[in-house]
2 protein chains.
Amino acid sequence: MRLTHEQFRELAAEHGLAVTHQRQVVFEAVIASHGHYSPEDIYATVRRRIPSISLATVYNNLRLFIECGLLREVTPHASTLRVDGNLKPHHHLVCSRCKSVRDIEGEFIDFKRLSRHLPDGFDLTQPLVEVFGLCRRCAAKK
Amino acid sequence: MRLTHEQFRELAAEHGLAVTHQRQVVFEAVIASHGHYSPEDIYATVRRRIPSISLATVYNNLRLFIECGLLREVTPHASTLRVDGNLKPHHHLVCSRCKSVRDIEGEFIDFKRLSRHLPDGFDLTQPLVEVFGLCRRCAAKK
DNA sequence: TATCGGATGAGAATGATTATAAACCATCCA
DNA sequence: TGGATGGTTTATAATCATTCTCATCCGATA
């Protein structure tokens, strides 16, 4: 699906973003590509339409889009490795904004239902579930 | 809780790891610290007991422990930003080994139960759940 | 004791991302 | 028209986490 200029204009206006050519092309590239792509991937795609675009522009605009909620980040963790010595089965509650992680107990996953939606061969023998939201502090700020 | 040398020795033997002083101290530092710490954090802790230890050693051993299953990685995503243009509510299925991400549909979360375990003030208005396991290809390799 | 292989330490190299600063461009007002 | 303004883009430098390299070390074994 290709967004019309009008549609992007509206979205941008809603979120207080200026409409530039680069911005529009980056956004379209993400929407058009089903999947979960990296800034480099998107840079490569966008360059076919704007050969002079800078990688920094792609980064800038992706960040903006994520902050506005126009896009979702698929890697909503702290940018550095974190390690967990707790080997008992438990799940994580992650704040999408500040990236803090808390342990969470409880049986709230319906594995029977879940397994119906699993692709063939996916191994869930040691399931780890992470639930993302906003922690109290970040929710208050907003 | 502090592991005895004996306990670590056993664990290491089970996983075919040589027992070294550094290895033991790094492992103890992770186990003793409840929380989700970065290699730098652990380096700082371990240095109090082994001032000459190298950051690379901490990284090496954390990697080893994770590969053996002695520790769990709390950031099991690709190391670069990934972006998702699909704004419809959906969840993710992530392979802990190759880091691939697939969308998954279906209502398999019992939000009523989940909310009982949420800390006060945690905002779940746009819940995103990620379920980790091994994709078919990685499960086969193992 | 001599040898061997894996482990360690120091620092260089890499790769992703961010910061900086100059150039650019549309818009607003004189 | 024309100049000031403010946000955007570009190129590049800087930063940060992580990995690599390689010389050295250590411990087990012959």
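Note on naming: letters A, B, ... go to the chains in the order of the sequence lines (proteins, then strands), and numbering restarts at 1 for each one.
In terms of the side chain to side chain donor-acceptor pair (under 3.5 Å) criterion, Thr75(B) has no residue partners (sequence neighbours excluded). Remark: Ser38(A) engages Asp41(A) in a side chain to side chain donor-acceptor pair (under 3.5 Å) (not counting sequence neighbours). Residues passing the side chain to side chain donor-acceptor pair (under 3.5 Å) test with Asn60(B): none are found, sequence neighbours excluded. Annotation: side chain to side chain donor-acceptor pair (under 3.5 Å) contacts of Ser52(B) (sequence neighbours excluded): none.
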> Quick one: what's the B/S/- string for nucleotides 7-16 of chain C, heavy-atom cutoff under 4.0 Å, read 5' to 3'?
Replying inline: SSBBB----S

Could you list the donor-acceptor pairs under 3.5 angstrom formed by side chains in residues 112-122 of chain A, with sequence neighbours left out?
from, atom 1, to, atom 2, distance (Å)
Arg113(A), NH1, Glu107(B), O, 3.0
Ser115(A), OG, Phe111(A), O, 3.2
Ser115(A), OG, Lys112(A), O, 2.7

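For dT18(C), one of the phosphate oxygens OP1 or OP2 lies less than 4.0 angstrom from a side-chain nitrogen or oxygen of Arg63(A).
Using the six-membered ring where Trp is involved, Phe65(A) and Phe27(A) have ring planes that are perpendicular, over 60° apart on the 30 and 60° scheme.
Within the structure, salt bridge (charged side-chain N to carboxylate O under 4.0 Å, His left out) contacts touching residues 63-72 of chain B (residues at least two apart or in different chains) do not occur. The ring-ring contact (aromatic ring centres under 6.0 Å, His included) contacts involving residues 67-95 of chain A comprise His77(A)-Phe132(A), His77(A)-His77(B), His90(A)-His92(A), His91(A)-Phe108(A), His92(A)-His36(B), where partners must be two or more places apart or lie in separate chains.
On the nucleic acid side, DNA chain D has its first and last nucleotide under 4.0 Å of a heavy atom of chain A at dT8(D) to dT18(D), going 5' to 3'.
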